[in-house]
Amino acid sequence: MFKESTHQIIRDSLGQLKQPVRLVLFTSDTGCDICPEALLIARAMKTASAKIALEIYDIAMDRDKSEEYGVKRVPTFAVQAQDGRTVKFSGTLEGVALLLLLDAVHSIAGARPWFPEKIRSTLMMLSQKVPVQVLLENDCTLCKPVAETAVGLALTNKHVSTEIIVADDYPELLSALKVKILPFTVFGKQLTLEGHVNESSFLEMLFKAERRKAAGLDVRCVVCGQPSPELVCSSCKAKIQAEAVNHKRQDEKLSDRGSAMGPHNHG
């Protein structure tokens with residue numbers, strides 16, 4: 001049952017979008033009990049704002065689109081900017097996942113940077129696509145900052161492809177990944193981290209997943225270029241975290257002064 005409270009959250013959040021945002025939903029007519037509610041959410045978002053350009057596809061019948069967006073499960077929402085930056089959300093959209101989806105829509109429709117300059121410039125050194133998956137629960141407040149960072153990375157750099165997955169809806173995936181603690185983050189195909197992951201650790205894992213490790217003593221920090229036993233040296237990690245914390249505080253102050261229309265606390 002589509003909750004009225006969910007409908008109200010969507011209306012309040014999307015009522016004043018200023019720029020167009022593409023929203024793509026992948027569903028299935030068979031074997032997907034939560035797809036009908038996903039359809040209702042998608043249509044509610046379209047109704048809430050004329051700036052939402054909604055497309056709906058069947059994961060099997062529209063295989064070309066499924067492959068284009070890299071969709072492997074249903075229901076999956078893809079939020080896409082005009083330049084191709086995309087974030088995917090799979091599973092039941094309520095609580096944390098719904099707020100993250102709405103925040104992604106606002107970020108694409110606006111121009112405010114998600115991260116400070118040092119993180120943005122470091123991300124520019126990525127040269128290959130790195131998929132990131134964050135498994136979470138909708139009532140897990142500790143999951144939200146990790147997922148926010150993953151979403152922000154994909155909206156900051158086209159080489160990061162983020163999917164937020166509501167873990168309870170995909171028990172076979174939990175079993176395959178041997179997940180014991182949420183949030184659970186997957187970088188590339190094999191690298192994983194359990195629990196909280198800060199911005200500097202995210203950056204380091206992205207470059208590890210890109211296989212940028214060098215051999216012997218020639219390993220250098222990808223940020224400052226100095227010799228380092230790690231891909232992001234301890235000094236740069238500290239600077240990145242300090243800038244990230246300061247950026248969050250400034251962002252929260254801006255949100256407090258603005259209208260209270262939905263989630264804007266960037267990670």
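These numbers come from the heavy atoms of this one structure, side chains and all, not from hydrogens, waters or symmetry mates.
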Separation between CG (Leu99) and CD (Glu148), nearest 0.5 Å, reads 9.0 Å
Review point. Between the main-chain N or O of Gln128 and the side-chain N or O of Glu210, is there a donor-acceptor pair closer than 3.5 Å?
Key: yes
Heavy atoms of Phe184 and Leu177 approach each other most closely as CZ-O, 3.9 Å
**Study point:** Asp83 atom CG: more than 12 heavy-atom contacts under 6.0 Å
**Key:** yes
Backbone of Ala53 reached by a side-chain donor or acceptor of Arg22 within 3.5 Å: no
**His106/Ser13 under side-chain hydrogen bond (donor to acceptor under 3.5 Å, both in side chains): CA gap, chis, key distance, verdict** = CA-CA 8 Å; His106 271 283; Ser13 178; 3.1 Å; yes
**Prompt:** Does the Ser66 side chain pair with the main chain of Ile59, one donor and one acceptor, at a distance under 3.5 Å?
**Reply:** yes
Cys236 meets the disulfide (SG to SG under 2.5 Å) criterion, sequence neighbours left out, with none
Applying side-chain contact (heavy atoms from CB on, under 4.5 Å) to Val160 and Val130, what does each step give before you reach the verdict?
CA-CA 5 Å; Val160 182; Val130 179; 5.5 Å; no
Legend entry - Other residues, nucleotides, ligands: >12 heavy atoms within 6.0 Å of Gln82 CD: no
- Query: Do the side chains of Cys224 and Ser235 get nearer than 4.5 Å, heavy atoms only?
  - Reply: no
CG (Leu93) and CD1 (Ile164) are apart, to the nearest 0.5 Å, by 11.0 Å
Lys237 and Val232 have their tightest heavy-atom pair at CE-O, 3.2 Å
Check: Between Thr47 and Arg11, is any pair of side-chain heavy atoms under 4.5 Å apart?
Finding: no
To the nearest 0.5 Å, atom CG of Asn157 lies from atom CH2 of Trp114 at 14.5 Å
Quiz item: Do Leu17 and Leu54 sit in the same hydrophobic cluster, where Ile, Leu, Val, Met, Phe, Trp and Tyr count as joined when their side-chain heavy atoms come under 4.5 Å apart?
Solution: yes
All heavy atoms of Pro75 vs all of Ala38, minimum pair found to be CB-CB, 3.6 Å
Checking Ser121 side chain against Glu117 main chain: does a donor-acceptor pair fall under 3.5 Å?
yes
Worksheet item: How about Val21 and Lys51: do any of their side-chain heavy atoms sit closer than 4.5 Å?
Response: no
Notebook entry, point to check: Does a salt bridge link Lys72 with Glu163, judged by any charged N lying under 4.0 Å from a carboxylate O?
Noted result: no
Sorted by chain and residue number, the ring pair (Phe, Tyr, Trp, His ring centres under 6.0 Å) partners of Tyr170 (sequence neighbours excluded) come out as none
Determine whether Met45 and Leu23 make a side-chain contact, defined as any pair of heavy atoms from C-beta on separated by less than 4.5 Å. yes
Distance col, row Lys158:NZ vs Leu126:CG, nearest 0.5 angstrom, shows 12.0 Å
Can a salt bridge be assigned to the pair Lys180 and Glu194 using a cut-off of 4.0 Å between side-chain N and carboxylate O? no
Sub-4.5 Å side-chain heavy-atom contact between Leu100 and Leu136 | yes
In the structure I gave you, are the side-chain heavy atoms of Val105 and Ile108 within less than 4.5 Å of one another anywhere? no
According to a hydrophobic-cluster definition based on side-chain heavy atoms being under 4.5 Å apart (Ile, Leu, Val, Met, Phe, Trp, Tyr only), do Val146 and Val87 belong together? yes
To the nearest 0.5 Å, atom CG of Leu40 lies from atom OG1 of Thr6 at 10.5 Å
- Message: Please tell me whether Val151 and Leu182 are part of a single hydrophobic cluster in this structure, the criterion being side-chain heavy atoms less than 4.5 Å apart.
- Response: no
Rounded to the nearest 0.5 angstrom, the CD1-CG distance for Ile34 and Leu39 is 11.5 Å
Heavy atoms of Pro131 and Lys129 approach each other most closely as CD-O, 3.9 Å
Contact check, side chains of Thr27 and Leu25, non-hydrogen atoms, under 4.5 Å:
yes
Worksheet item: Is there a donor-acceptor pair closer than 3.5 Å between any side-chain N or O of Asn198 and the backbone N or O of Gln241?
Response: no
Are Ile119 and Thr156 side-chain neighbours, meaning at least one heavy-atom pair lies under 4.5 Å? no
query: Could you walk me through whether Thr76 and Phe89 pass the side-chain contact (heavy atoms from CB on, under 4.5 Å) check?
result: CA-CA 5 Å; Thr76 292; Phe89 298 82; over 6 Å; no
If hydrophobic clusters are built from ILVMFWY residues whose side chains come within less than 4.5 Å, do Val166 and Leu174 share one?
no
Note: Met205 and Leu193 closest approach over all heavy atoms is CG-CD1, 3.6 Å
Next item on the list: Give the intermediate values and the outcome of side-chain contact (heavy atoms from CB on, under 4.5 Å) for residues Thr86 and Leu155.
Entry: CA-CA 7 Å; Thr86 305; Leu155 295 181; over 6 Å; no
Looking only at atom types and distance, does a side-chain atom of Arg120 sit under 3.5 Å from a main-chain N or O of Phe115, one as donor and one as acceptor?
-> yes
| said: Would the distance check show the side chain of Asp62 and the main-chain N or O of Asp64 forming a donor-acceptor pair, the cut-off being under 3.5 Å? | reply: no
Fill in: Sidechain-backbone polar pair: Lys88 side chain, Tyr69 backbone, donor-acceptor under 3.5 Å
yes
Is there a path of hydrophobic side-chain contacts, each under 4.5 Å between heavy atoms, that joins Val197 and Val134? yes
Open item on the list: Closer than 4.0 angstrom, basic N to acidic O: yes or no for Arg63 and Glu67?
Closed with: no
Heavy-atom nearest pair, Glu199 first then Ala244, reads CD-CB, 3.7 Å
key: Lys208 (side chain) donor-acceptor with Phe187 (main chain) under 3.5 angstrom   = no
Please step through side-chain contact (heavy atoms from CB on, under 4.5 Å) for the pair Thr141 and Val96, ending with a clear verdict.
CA-CA 7 Å; Thr141 55; Val96 170; 5.6 Å; no
Is atom NZ of Lys46 surrounded by more than 12 heavy atoms (other residues, nucleotides or ligands) closer than 6.0 Å?
-> yes
* List the steps, then state whether ring-ring contact (aromatic ring centres under 6.0 Å, His included) holds for Phe26 with Phe77. => CA-CA 6 Å; Phe26 290 86; Phe77 283 86; 9.9 Å; no
(Q) Looking at Lys118, is its backbone amide N or carbonyl O close enough to the side chain of Thr122 to form a donor-acceptor pair, meaning the two atoms are under 3.5 Å apart? (A) yes
